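Handing you this structure, nothing more for now.
What you see is a predicted model, and the numbers here were worked out from it, not measured in a lab. All residue numbers in this chain count up from 1 along the given sequence.
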Amino acid sequence: MGEVDAYERLLGDAMQGDSMLFVREDAVEAAWAVVDPILGNSSPLHAYASASWGPAEADRLAADLGGWHNPERSSQ
């Protein structure tokens with residue numbers, strides 16, 4: 001009999017009650033405690049034209065630095 005792939009081994013171990021390859025419940029809960037707030041805190045998406053410098057909302061990010069520098073405009 002040949003070598004089993006990862007899923008076959010995982011399913012076989014689960015059916016035999018071997019939990020060696022499985023994460024403990026408290027570790028899963030701890031991981032979700034970190035990830036869940038990030039997933040629930042999404043930013044709005046802003047549409048913009050292809051090949052542009054992005055949406056108008058992005059201008060606010062660099063406003064206090066003098067705005068975005070477009071090197072294509074400098075060479076003209």
Same cluster for Leu39 and Val28 if Ile/Leu/Val/Met/Phe/Trp/Tyr side chains link at under 4.5 Å?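 Yes, it is one cluster - the side chains of Leu39 and Val28 are joined through contacts under 4.5 Å.
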Indicate, with yes or no, if Val4 and Leu21 share a hydrophobic cluster defined by side-chain heavy-atom contacts under 4.5 Å among Ile, Leu, Val, Met, Phe, Trp and Tyr.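 No, Leu21 and Val4 fall in different hydrophobic clusters.
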Ignoring hydrogens, what is the shortest heavy-atom contact between Ile38 and Val34? Give both atom names and the distance.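 Residues Ile38 and Val34, closest heavy atoms: CD1-O, 3.6 Å.
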For the student: nearest non-hydrogen atoms of Pro37 and Ala33, plus distance: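 Heavy atoms of Pro37 and Ala33 come nearest at CD-O, 3.2 Å.
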Tyr48 atom OH: more than 12 heavy-atom contacts under 6.0 Å: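 It does not: Tyr48 OH has 12 such atoms or fewer within range.
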Measure from the side-chain N and O atoms of Gln16 to the backbone N and O of Asp13, and report whether any donor-acceptor pair falls under 3.5 Å.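 Looks like no, no N/O pair under 3.5 Å.
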Heavy-atom neighbours of Glu57 CD exceed 12 at 6.0 Å: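 Yes, the 6.0 Å shell around CD holds more than 12 heavy atoms from other groups.
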Taking the side chain as C-beta and beyond, is there a heavy-atom pair between Asp59 and Trp53 under 4.5 Å?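 In short, these two side chains do not touch, never coming nearer than 4.5 Å.
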CZ of Arg24 to CD of Glu29: how many Å apart, nearest 0.5 Å?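 CD of Glu29 is found 12.5 Å from CZ of Arg24.
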If you look at every heavy atom in Ala47 and Pro55, which pair is closest and at what distance?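 Result for this residue pair: O-CB, 3.9 Å.
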